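Remarks on the structure that follows.
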Amino acid sequence: MARPAEFDRRDVLEKAMEVFWRTGFTGTSVTDLVKATNLKPGSLYGAFQSKRGLFMEVIDTYAHCSLDRVATCLSEGETPLQAIHDFFERFSNDIVLDEIGRGCLMVNTMLELATEDDEIRHKITDYLLQVENMFCSTLKKAQDAGELPADKDPEAIAKFLMTGIWGMRVLSSTRPDPQAYKEVINNLLITLPGRQH
């Protein structure tokens, strides 16, 4: 029987995540991961099989946390439409705090590897589509409640909002004035009735 790993897997994933998030998959070496996690190469390979295996699990961990945050935010609004406005207010605050411009790990990975690795592209596309579907579902609820006009297309709006999120994550790498984020969000939310920030 294989000997159980003598480390906290979640802790290792979080430490590895910070490295991959900062330098990308290609720019991260096994030596970097060994240094960050305080594990020997044999332990890393034994637990994750390869650098890529570790990276795939890091992506899953990051994505599940992100999905949980989005789901929680969209479920807490006073109304469905308000929940979307609240999400973007939190998103704006979070992105302003990203002072080093590291952006979103999933978006960064898509930009780095989408043309080279179909498995990773499909994995991240699936996660991002889940976020888009959460927006679409919330918009449909807003439409059912009479908040969103019947002539609006929830699917098209959800895709538009996701495109804005992608763009803002890329924009953050240029470290613009924080006001720029609010201006972009205000323009995104013009498609929706209700309060703007």
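Predicted model only: the values in this text are computed from it and were never measured.
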Do [X] and [Y] come close enough that some side-chain heavy atom pair is under 4.5 Å?
X: Asn187; Y: Ile190; result: yes
X: Lys51; Y: Leu44; result: no
X: Thr125; Y: Met110; result: yes
X: Phe91; Y: Arg169; result: yes
X: Gln143; Y: Leu139; result: no
X: Ile185; Y: Met168; result: yes
X: Phe48; Y: Arg9; result: yes
X: Leu171; Y: Pro176; result: yes

Establish whether Leu129 and Met134 are linked, either directly or via other cluster members, by ILVMFWY side-chain heavy-atom contacts under 4.5 Å. no
[X]/[Y] ion pair, N-O < 4.0 Å:
X: Lys159; Y: Glu155; result: no
X: Arg102; Y: Glu18; result: yes
X: Lys123; Y: Asp126; result: no
X: Asp144; Y: Lys140; result: no

Looking only at heavy atoms, what is the nearest atom pair of [X] and [Y], with distance?
X: Leu188; Y: Thr191; value: O-OG1, 2.9 Å
X: Ser172; Y: Gly103; value: OG-CA, 3.7 Å
X: Leu189; Y: His85; value: CD1-ND1, 3.4 Å
X: Gly77; Y: Asp86; value: CA-OD2, 4.1 Å

Quick check on Glu78: does its CD atom have over 12 non-hydrogen neighbours (other residues, nucleotides or ligands) under 6.0 Å away? no
Take atom OH in Tyr127; do more than 12 heavy atoms of anything else shown fall under 6.0 Å from it? yes
Within the distance-only criterion (no hydrogens, no angle test), does the side chain of Glu57 pair as donor or acceptor with the backbone N or O of Leu13 below 3.5 angstrom? no
Short side-chain donor-acceptor distance under 3.5 Å, Asn108 and Glu112: no
[X] [atom1] to [Y] [atom2] distance, which is reported to the nearest 0.5 Å:
X: Leu54; Y: Ile59; atom1: CG; atom2: CD1; result: 10.5 Å
X: Met162; Y: Cys136; atom1: CE; atom2: SG; result: 12.0 Å
X: Ser92; Y: Tyr181; atom1: OG; atom2: OH; result: 9.0 Å
X: Lys141; Y: Ser75; atom1: NZ; atom2: OG; result: 8.5 Å
X: Thr28; Y: Trp21; atom1: OG1; atom2: CH2; result: 13.5 Å
X: Ile157; Y: Leu148; atom1: CD1; atom2: CG; result: 5.0 Å

Between Phe55 and Leu113, is a side chain to side chain contact (heavy atoms under 4.5 Å, CB included) present by the stated rule, with each step listed? CA-CA 12 Å; Phe55 184 68; Leu113 301 175; 4.1 Å; yes
For Leu105 and Met17, what are the C-alpha separation, side-chain angles and deciding distance, and is it a side chain to side chain contact (heavy atoms under 4.5 Å, CB included)? CA-CA 9 Å; Leu105 180 59; Met17 184 187 299; 4.0 Å; yes
Mind running side chain to side chain contact (heavy atoms under 4.5 Å, CB included) on Ile165 and Phe135 for me, showing each step along the way? CA-CA 12 Å; Ile165 291 172; Phe135 280 124; 3.8 Å; yes
Tell me, with the steps shown, if Lys15 and Asn38 meet side chain to side chain contact (heavy atoms under 4.5 Å, CB included). CA-CA 10 Å; Lys15 289 176 178 176; Asn38 294 317; 4.2 Å; yes
Residues two or more places apart in sequence or in another chain: which of them pass side-chain contact (heavy atoms from CB on, under 4.5 Å) with Thr138? Leu74, Pro80, Ile84
Counterpart residues, side-chain contact (heavy atoms from CB on, under 4.5 Å), relative to Arg52 (two or more places apart): Phe25, Ser50, Met56, Asp117, Glu119, Ile120
What do you reckon, are the aromatic ring centroids of Phe20 and Tyr62 less than 6.0 Å apart? no
